[in-house]
Amino acid sequence: MQCPYCKEEMQPGYIDSDHIICWIPESERSQADAQMWKSSKTSNSVVLGNYHLFRKATVIAYYCRNCNKVIIDVPEI
């Protein structure tokens, strides 16, 4: 994948977690912080990867070493 910022080639990889991986709007951060569960998210969160009982949450990501950006595609639901 070509970096949309500097046009260099990005390195494929992944991000994993023992918890859900999601993007949370800044305005809802305190709601998510108040929850103590692995499935902590808010009504406007965008889920990028779900964990399973015996498997970590994993999302494919591309990293640009030139400009230190990570690109993650939102999975189709």
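As the structure is a prediction and not an experimental result, all values here were calculated from the model.
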Spacing of [X] atom [atom1] and [Y] atom [atom2] [to the nearest 0.5 Å]:
| X | Y | atom1 | atom2 | answer |
| --- | --- | --- | --- | --- |
| Asn44 | Ile24 | CG | CD1 | 10.5 Å |
| His19 | Tyr51 | NE2 | OH | 9.0 Å |
| Asn50 | Lys56 | CG | NZ | 15.5 Å |
| Glu8 | Cys3 | CD | SG | 8.0 Å |

* Going hydrophobic residue to hydrophobic residue with side-chain gaps under 4.5 angstrom, can you get from Trp23 over to Ile21? ->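 As far as the 4.5 Å side-chain criterion goes, Ile21 and Trp23 are connected within one cluster.
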* Asked: Is Val46 reachable from Ile20 through a run of I, L, V, M, F, W or Y residues, each pair having side-chain heavy atoms under 4.5 Å apart?
  -> no
* To do: List the steps and the verdict of side chain to side chain contact (heavy atoms under 4.5 Å, CB included) for Ser43 and Glu28.
  => CA-CA 9 Å; Ser43 59; Glu28 297 177 7; 4.3 Å; yes
* To do: Please name the pair of heavy atoms, one in Gly49 and one in Ala57, separated by the smallest distance, quoted to 0.1 Å.
  => O-CB, 3.6 Å
* Asked: For the residue pair Pro75 and Leu48, what are the closest heavy atoms and their distance?
  -> CG-O, 3.6 Å
Main-chain N/O of [Y] paired to [X] side chain as donor or acceptor, under 3.5 Å:
| X | Y | answer |
| --- | --- | --- |
| Glu9 | Met1 | yes |
| Gln2 | Lys7 | yes |
| Ser45 | Val47 | no |

* Is Tyr63 close to Ile71 at the side-chain level, that is, under 4.5 Å between some pair of heavy atoms? -> no
* **Test applied, side chain to side chain contact (heavy atoms under 4.5 Å, CB included); reference residue, Ile15; option that passes from Thr58, Ile60, Ile72** =>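 Going through the options one by one, the only one that passes is Ile72.
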